[in-house]
> 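Once you've had a glance at the structure underneath, I'll fire off some questions.
Reminder, nothing fancy here: chain letters follow the sequence lines and each chain counts from 1. None of the values given here were measured: they were computed from a predicted structure. Only this structure's heavy atoms are used, side chains among them; waters, hydrogens and symmetry mates stay out.
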Amino acid sequence: MSLSVRLQQQLPGIALDLEFEAPPGVTVLFGRSGAGKTTVINAVAGLLRPQAGRVAVDDWVLFDTDQGSWLPTHRRRLGYIFQEGRLFPHLSVRQNLAYGRWFAPRGAQRESQDRVVEMLGIGHLLNRRPAMLSGGEKQRVAIGRALLAAPRLILADEPLAALDEARKAEILPYFERLRDEVSVPILYVTHSAAEVARLATSVVALQDGKVLRHGPASDVLADPSVAPAGVRAVGAVLQVQVAQHHADGLTELRAGDARLFLPRIPHQVGEHLRIRIPAQEVILSNKPPEGLSALNILSGTVEAVRAGEGPGAIVSVKTPAGVVLARVTRRSVEALGLELGQPCHAVIKTVALAPQDVGGRVAT
Amino acid sequence: MSLSVRLQQQLPGIALDLEFEAPPGVTVLFGRSGAGKTTVINAVAGLLRPQAGRVAVDDWVLFDTDQGSWLPTHRRRLGYIFQEGRLFPHLSVRQNLAYGRWFAPRGAQRESQDRVVEMLGIGHLLNRRPAMLSGGEKQRVAIGRALLAAPRLILADEPLAALDEARKAEILPYFERLRDEVSVPILYVTHSAAEVARLATSVVALQDGKVLRHGPASDVLADPSVAPAGVRAVGAVLQVQVAQHHADGLTELRAGDARLFLPRIPHQVGEHLRIRIPAQEVILSNKPPEGLSALNILSGTVEAVRAGEGPGAIVSVKTPAGVVLARVTRRSVEALGLELGQPCHAVIKTVALAPQDVGGRVAT
Amino acid sequence: EGILIFAAASLKTALDQIAADYSDQTGGEVTVSYAASSVLARQIQLGAPADLFISANVQWMDVLVRDGLVDASSRVDLLGNHLVLIGVPAQAEAQIDAALDLNARLDGGFLAMALVDAVPAGIYGKSALQELGLWADVEGRIAQSDNVRAALALVATGAAPLGIVYGSDALAESRVSVIGVFPSDSHPPIIYPAAATRDAAPQAFAFLTYLQTDTARAVFEAQGFTLPQG
Amino acid sequence: MGWLGPAELEALRLSLRVSIWATLVSLPLGIFVAYALARWRFPGRQLLNGLVHLPLILPPVVTGYLLLLTFGIQGPLGRFLAEFGIVVAFRWTGAALAAGIMAFPLMVRAIRLSIEAVDPKLEQAGATLGASRMFVFATVTLPLILPGIIAGAILAFAKAMGEFGATITFVSNIPGQTQTLPSAVYSFLQVPGGEPAALRLVIISVIVAMTALLLSEYVGRRVARRVAGT
Amino acid sequence: MGWLGPAELEALRLSLRVSIWATLVSLPLGIFVAYALARWRFPGRQLLNGLVHLPLILPPVVTGYLLLLTFGIQGPLGRFLAEFGIVVAFRWTGAALAAGIMAFPLMVRAIRLSIEAVDPKLEQAGATLGASRMFVFATVTLPLILPGIIAGAILAFAKAMGEFGATITFVSNIPGQTQTLPSAVYSFLQVPGGEPAALRLVIISVIVAMTALLLSEYVGRRVARRVAGT
Ligand SMILES: Nc1ncnc2c1ncn2[C@@H]1O[C@H](COP(=O)(O)OP(=O)(O)OP(=O)(O)O)[C@@H](O)[C@H]1O
Ligand SMILES: Nc1ncnc2c1ncn2[C@@H]1O[C@H](COP(=O)(O)OP(=O)(O)OP(=O)(O)O)[C@@H](O)[C@H]1O
Ligand SMILES: [Mg+2]
Ligand SMILES: [Mg+2]
C-alpha cells in the first residue's frame with residue numbers, strides 16, 4: 001500500500017503547497033520547526049480541511065477536494081500518535097489502550113495487547129490515570145493506544161522525542177517490525193537523525209511548506225544539501241547476515257565476501273539484517289593499515305567523490321561488502337589522492353557499530 | 001552559587017528519596033522515563049510540596065520542612081522551562097516573552113530581548129498567539145520567556161526535545177554561555193546523550209527516585225555502569241585555543257603542545273575553547289599511522305584501561321594535548337598490547353569534531 | 001410634597017384615574033404603590049413611608065389598627081364588591097342558591113377561585129359556598145390561584161369552565177359571562193377599608209376625604225365596585 | 001416529621017416528586033440543547049438560544065400564562081398531547097412541566113459551559129481512533145462533562161423546588177395535585193399571623209434544596225477528581 | 001417610543017438603571033466569591049456556597065420578606081447603613097439590591113465554572129515567572145475567564161430585568177422609585193383590561209434582555225476566540 005498526498009493550504013506563517021508519494025514502509029517527514037509537518041499529518045488525518053488537495057492510500061481516497069469527497073476522521077482507520085499525547089484523562093491507562101479496539105473491524109490484523117504493553121514497559125501503569133504519569137510514560141501509552149487500533153495508516157508526530165535513549169532503543173525495533181512485516185504506510189515526523197537513518201524507507205524534506213527533496217532514505221540522507229538532518233546522519237546501509245557470536249562479546253557478520261565485527265547483538269546466527277555505517281565513522285587509508293585498534297578494514301576502490309560546500313567530502317568506496325560511504329576532509333582527499341578508481345581501505349571502528357544502528361529483520 | 005537539594009516524597013509508583021549538591025553550572029538530571037526528574041524539579045520550583053526535604057541556593061533557603069520554612073514559587077526567582085511549554089494562550093508571543101520582566105528586580109542582570117529573540121529564531125512570530133504556533137515554535141518561545149525573567153535559578157525540563165537538530169545546535173551554545181558567564185545554577189533534564197556531554201558540569205543519574213550516581217560530568221559519563229546516558233556519550237574534554245583558520249575550510253587549534261584540525265568554527269583566532277572528543281571517535285594505533293585520511297594524530301602513553309561488562313574498554317591516553325579517551329574492543333586491547341605506560345597513537349577524524357562538540361568560551 | 005398611597009392591586013384602574021383628577025384639581029401629588037394587601041400591610045408594619053393604606057380585606061387593616069400603625073379614627077369602609085360566578089359564554093345564567101348543581105356545570109372540570117384560605121376573594125367564595133351548602137360537592141374540584149385575576153384568566157382561557165371572582169373583575173373580560181351574583185348575605189361583607197397611617201402627611205386626610213366624594217365614587221362604580229352598605 | 005401537618009407533608013412529597021421528574025425528564029433534552037449550542041453552528045442557533053433563555057427573562061406569571069395558553073386544556077399542544085392520553089393541565093405533571101421549563105435555562109447554561117471547557121483535541125483523538133461522533137460524545141465528552149451535568153441537574157432541581165409563579169398560574173393550586181411547598185408558603189404569607197407556618201415550610205424546602213446542592217458539590221468534586229484522574 | 005406612556009417609559013428607565021447597577025456593583029464581589037469557591041479550601045466554604053445559592057432556592061417572596069426584615073428601615077442592616085446615609089428601603093437602590101441578590105447565584109455559578117476550567121498549570125507558570133497570586137489572577141486567570149464573566153454579568157442583568165417577587169415584597173411598587181417593568185406588568189395584570197398594556201411591557205423587557213443575551217453571546221465568543229488566540 002502506498003500513500004499519495006497533495007495539499008494546498010494558506011497558513012498565517014507559510015503557504016503549504018506540496019505533493020509526494022509515500023511508498024510502503026516508513027516515510028519520514030522532516031524539516032525545521034514550523035516547516036509544516038504537523039499540518040500535513042493533520043490534513044491526512046482529516047483534522048484539518050485543506051483548501052485544496054487529495055490524499056489516498058492506493059485507490060482508497062481519503063479526500064479529494066476536486067471531487068468534493070471527504071472521509072471523516074473516524075473512518076480513515078488511523079493510528080495517530082500526537083506530538084502531545086492527548087490521552088483521555090478520565091480513563092485508566094488500560095482503558096486508553098483499549099479505546100481503539102472497539103472500532104477495529106473483526107478480522108483486522110491486530111497487535112496483542114500484552115505484547116505492546118510489554119514492549120512499551122507500561123505494565124505497572126495499567127491502572128493509573130494519565131494525570132499520574134510522567135511525560136515519557138504518557139507518550140508510551142499514546143503509542144500503545146494508536147498501535148492497538150489496528151490502523152491501516154500510522155501517523156506519528158515525534159513519537160519518541162520525550163523518551164530516554166534506552167527506551168527509544170527498545171521501541172524503534174517495533175516500528176521497524178511494523179515497517180517490515182505489516183504493509184501499513186507510516187508517516188513519521190522526527191528531528192532525530194538517528195531515527196531518520198534507522199527507520200526511513202523514504203524521506204520527505206520540507207522547507208517552508210514546500211517539498212525540498214523527496215526520495216529513498218539513502219539518497220536524501222547522502223545529499224549534503226539537505227541541511228536539516230545534518231551531515232552527521234549520512235551513512236551507507238549494508239545487507240548482512242549474522243555469522244557467529246564470539247566469546248569476547250563481539251558478533252561477526254558476513255557482508256558479501258567480507259566480515260564485520262561489532263559489539264554483541266541479540267540476533268540469531270543466520271539472521272539477515274541491515275546495518276547502517278555512518279559515513280562519519282569511516283576512515284580511509286591508501287595503504288593497508290596496520291596496528292590499529294579498529295577491527296574492520298574493507299578494501300575497495302573509490303567509486304565517487306562528492307565535495308560539499310564545507311571542508312568535507314563524501315567518498316563512496318566499492319568494497320566486497322557493498323558500497324561504503326566515508327566523510328573526510330577535502331584536504332585528506334588531496335593528500336591521499338582519492339580519485340575515481342583508486343584502490344583504498346575503509347577503516348571502521350568496531351564500537352562505532354553500536355546496536356542502535358542495526359536494523360531489524362529483513363524479509364528474505 | 002550552588003544548589004543543594006534534599007527530598008523525600010512518596011508517589012504512587014515510586015518513593016522519591018534523594019540528596020545532591022549542584023555546583024555552579026549545569027547539573028543534568030537524567031534517568032529513565034518515570035525516574036522522578038520532573039518531580040524533583042517541581043519540588044525545587046515549589047510547585048509540589050514534598051513530605052520532607054530542604055532546597056537552598058548557597059544559604060538562601062527555598063524551603064526546609066524541618067524548620068517549616070517555605071518560599072512561595074513566585075519568590076524563588078526561577079526560570080522554568082516546562083516539558084509542555086505552558087504558554088499563556090491569551091497573550092501574544094511578545095507578551096509571553098515580556099511576562100517575566102515585570103518581576104525582575106531593577107538591577108537584575110538581564111538578557112536583551114532582541115538577542116534572545118534572534119537566537120531562538122522567533123522574530124517573525126512575535127505578534128502571533130500560541131495556538132498558531134507549531135510544537136517546536138512553542139517550545140522556543142517558552143525558553144525565551146524563562147530566560148528573560150532574569151532568573152537566579154534555571155530549571156529546564158527537556159527544553160530541546162521538540163526541536164530540530166539545527167535549532168538545537170543554535171540554542172545549545174546559549175545554555176553554555178549561561179553556564180560559563182552567568183553564575184546561575186541550571187538544573188537541566190534531558191535524554192539526549194549529546195546534550196549531557198556537551199552541557200553538563202555535573203550529572204545526577206536517577207533511578208526509581210534514588211540517586212544512582214552523582215559527580216562531575218566526565219566521571220559519570222565515563223562510567224559504563226551508568227546505562228541511561230549510553231556509553232556513546234563518553235568523551236574527554238580538552239582545553240584549546242584557536243590558532244588559525246585555513247583556506248580549505250579547516251580550523252587549526254593549539255592544544256597544549258599539539259595541534260588539532262576540525263571543520264571551520266566561528267570562533268576568533270586566539271579564543272580559548274573546550275572541545276569534547278567522543279571516546280568512540282578515537283582509534284588507537286601502536287605504530288605511527290601513515291596514509292590515513294584522519295588529520296589528527298596525537299602520540300602519548302596509555303594511562304589507564306577500564307574494561308566494562310561488554311566487549312568494549314575505555315583507554316585513557318596521556319598526550320601533549322591532554323588526556324584523551326578511546327573506546328575500543330577488549331580484543332583490540334589484547335591485540336595491540338595496550339598496557340599501562342605503553343606508548344601509542346590516538347587517531348581522531350577531523351570531521352568527527354563537528355561544531356556541535358565545541359564548547360563555548362572559557363573564562364580565561 | 002406629595003403623598004404615597006399603598007393600595008390593593010385590584011384598585012389600580014379606578015384609583016389611577018381618581019388620583020389624576022385629584023392632582024388636576026388640587027395640584028397635590030399622589031403616588032400609588034399597588035401590591036397584594038398582605039405585602040403592603042407587612043411593609044407598613046416594617047416602617048414603610050406610606051401615608052394611606054387601602055386594603056382589599058378587613059383582616060390586614062385590623063392588624064395594623066391593633067399594632068397602632070394606622071390612625072384608627074381615620075378608618076373608613078371605602079368600597080364594597082360583589083362576588084359572582086362566571087363561566088365560559090356557553091354557560092347559561094342561573095340563580096345562585098343551594099339548588100345550583102355546580103358539579104353538573106363543571107362536567108369534570110375545575111372551579112377556578114383565588115386561594116380559599118389566604119386570598120380575600122377565595123375566602124369569601126369559600127364561605128359563600130359553605131353557606132349555600134355547595135362546598136362539599138366541589139371541594140375536590142377547586143383550582144386555587146394566587147390572586148383573583150389569575151382565577152379569571154383560567155376561565156377566560158377555557159382552562160376552567162367556572163370561576164368565582166369579584167364583579168369588578170368579571171366586568172371587563174369579554175371572554176367570560178356572569179352566570180349569577182352570590183347573595184350578599186352568603187358571605188361576610190366584602191369591604192375595602194382605608195385609613196391614614198400613623199405618620200401620615202396632612203394631605204393624606206384630604207385625599208381620603210376626596211375618595212369619598214361623589215366624583216370619586218362614580219369612578220369606582222364605573223369599574224364595578226359597589227359602595228359600602230350604610 | 002411530627003412537625004409537619006399531613007397537608008404540609010403532602011406538599012413536601014409533591015414538591016419532591018415534581019422537582020425530581022422535572023429534572024430527570026428535561027436532562028437529556030438539556031444535554032442535547034447544550035451540546036448543540038456549544039458545538040454546532042446552524043441557522044436558528046441564536047433563536048434556539050433565545051428561546052431557552054426566555055423563562056429566565058420573562059416574569060414567571062407570564063411564563064405560566066403562556067403555558068396555560070399552549071398546554072392548557074384548550075391550548076393547541078394541550079389538545080395534541082391529550083390525544084395521546086397525556087394531560088398536564090391541573091395535574092402534578094403540569095407542575096413538573098412548569099418547573100422544568102423554568103429551570104431549563106439554568107440547566108442548559110451549566111452543561112453548556114462544561115462542554116465548552118472540554119478540549120476538542122481530545123475529541124479529535126477519539127475520532128482518529130475510529131470512534132464516530134456519537135461514540136466520542138458518549139465515551140469522551142459525556143464523562144468529562146459529568147460534573148457539569150450533575151451541577152446543572154441539581155441546580156435545576158433546586159430551582160424547581162422553589163418555583164412558584166409559573167406553576168400556580170399554569171396549574172393552579174390543587175391540594176394533593178399541584179400544591180407544592182412554595183404555594184403553601186405563599187398561602188401562609190397572605191394571612192396575618194401566617195409567618196411561623198410559612199417559615200417552617202421555608203426551612204424544610206431550604207434544607208432539601210441545600211442538601212441537594214451540597215451533595216452535588218461533593219459528588220461533582222469527586223467525579224471531577226475521578227475524571228481528572230488526580 | 002411613542003408606543004409607551006410616560007409612566008411606562010419611566011418604568012423601563014428605572015428597570016435599566018436598577019439592573020445595570022445591580023450587575024455592576026455585584027460583579028467584583030461575584031468574581032471574588034466565585035474564585036474563593038473555585039480555588040480555596042477554607043472552613044465555612046460550604047456555608048458560603050449555600051448562602052450564595054439561597055436566593056435561587058427560596059421563593060422570591062420569602063427573599064423579599066427577609067430583605068425587608070434586615071435591610072428595611074427598622075432592620076439591623078438597614079439601620080446600620082442609614083448611619084452612613086445609605087437608605088435602600090423603598091428606594092431604587094433597594095430594588096437594585098433585591099435584583100442583585102436574586103441574580104447573584106447565577107452570576108457566581110457562571111464565573112465559577114469558567115474559573116474551574118482554567119488550567120492551574122498556566123497559573124503555576126505565571127508563579128514561576130515571579131508573579132504573585134494577585135498578579136497571576138489579574139494577568140492570567142482574569143483574561144482567561146473573561147468570557148465567563150461576561151456571560152455571568154449578562155445573565156445577571158437579564159435576571160435582574162425580570163426580577164419581581166423579591167423586589168415588590170421588599171421595596172413595594174412605587175412609580176418612579178421602585179416600580180420596575182415587571183412590577184408594572186403585575187399592576188396591569190391585576191386589573192380588568194390591563195392585559196394589552198402588560199403585554200406591551202413584557203415585549204419591551206424581552207427585547208432588552210434578549211438583546212443583552214445575544215450581545216453577550218457575540219461578545220463572549222469574540223473574547224473567547226481572542227483569548228484562545230485562534
Ligand atoms: N501527579 C502525579 N501523581 C502521582 N504520581 C505521579 C504524578 N506525576 C508523575 N507521577 C509518577 O511519579 C514518577 C516520577 O514522575 P516524573 O514525572 O518525575 O518522571 P520523569 O523522570 O520526569 O519522567 P519523564 O522522563 O517521562 O518525563 C513516575 O513513576 C510517575 O508515574
Ligand atoms: N493552528 C494554527 N493556525 C495557524 N497557523 C498555524 C497553526 N498551527 C501552526 N501554524 C503555523 O503553521 C506552520 C506549520 O506548523 P506545523 O505545526 O505544521 O509545524 P511543524 O513542522 O510540525 O513544526 P514542529 O517541528 O515545531 O512541530 C508554522 O509556521 C506555524 O506557525
Ligand atoms: Mg509539529
Ligand atoms: Mg518529566
> Quick one: what part of D:Ile174 sits under 4.5 Å from any heavy atom of chain C, side chain, backbone, both or neither?
both

> If you count heavy-atom pairs within less than 4.5 Å of chain D, which of C:Leu115, C:Val116, C:Val119, C:Val63 leads?
C:Leu115

> Verify whether one side chain among C:Asn57 and C:Ser55 offers a donor that lies under 3.5 Å from an acceptor in the other.
yes

> Please flag which part of D:Glu195 lies under 4.5 Å from any non-hydrogen atom of chain C: side chain, backbone, both or neither.
side chain

> For the side chain of D:Arg45 and the backbone of D:Trp40, is there at least one donor-acceptor N/O pair under 3.5 Å apart?
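Checked: pair present.
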
> Counting only heavy atoms closer than 4.5 Å, note whether C:Arg141 contacts chain D via side chain, backbone, both or neither.
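Neither part.
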
> Distance alone, cut at 3.5 Å: any donor-acceptor contact between the side chains of C:Gln91 and C:Arg105?
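Result is yes, a qualifying pair exists.
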
> Between C:Asp117 and chain D, with a heavy-atom cut-off of 4.5 Å, which part of the residue counts as in contact: side chain, backbone, both or neither?
backbone

> Please walk me through it: do D:Gln179 and D:Ser183 pass side chain to side chain donor-acceptor pair (under 3.5 Å)?
CA-CA 6 Å; D:Gln179 184 177 53; D:Ser183 301; over 6 Å; no

> Among D:Ile73, D:Leu189, D:Leu69, which has the most heavy-atom pairs under 4.5 Å with chain C?
D:Leu189

> Under a 4.0 Å threshold between the charged nitrogen and the carboxylate oxygen, would C:Asp62 count as salt-bridged to C:Arg75?
yes

> Could you tell me which portion of C:Ile142 (side chain, backbone, both or neither) has an atom closer than 4.5 angstrom to a non-hydrogen atom of chain D?
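Only the backbone of C:Ile142 comes within 4.5 Å of chain D.
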
> With chain D, which of C:Ala150, C:Ser145, C:Pro120 has the greatest number of heavy-atom pairs at distances under 4.5 Å?
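When all of C:Ala150, C:Ser145, C:Pro120 are compared, C:Ser145 has the most.
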
> Any ion pair linking D:Glu116 and D:Arg39 (charged N to carboxylate O, less than 4.0 Å)?
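Salt bridge: no.
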
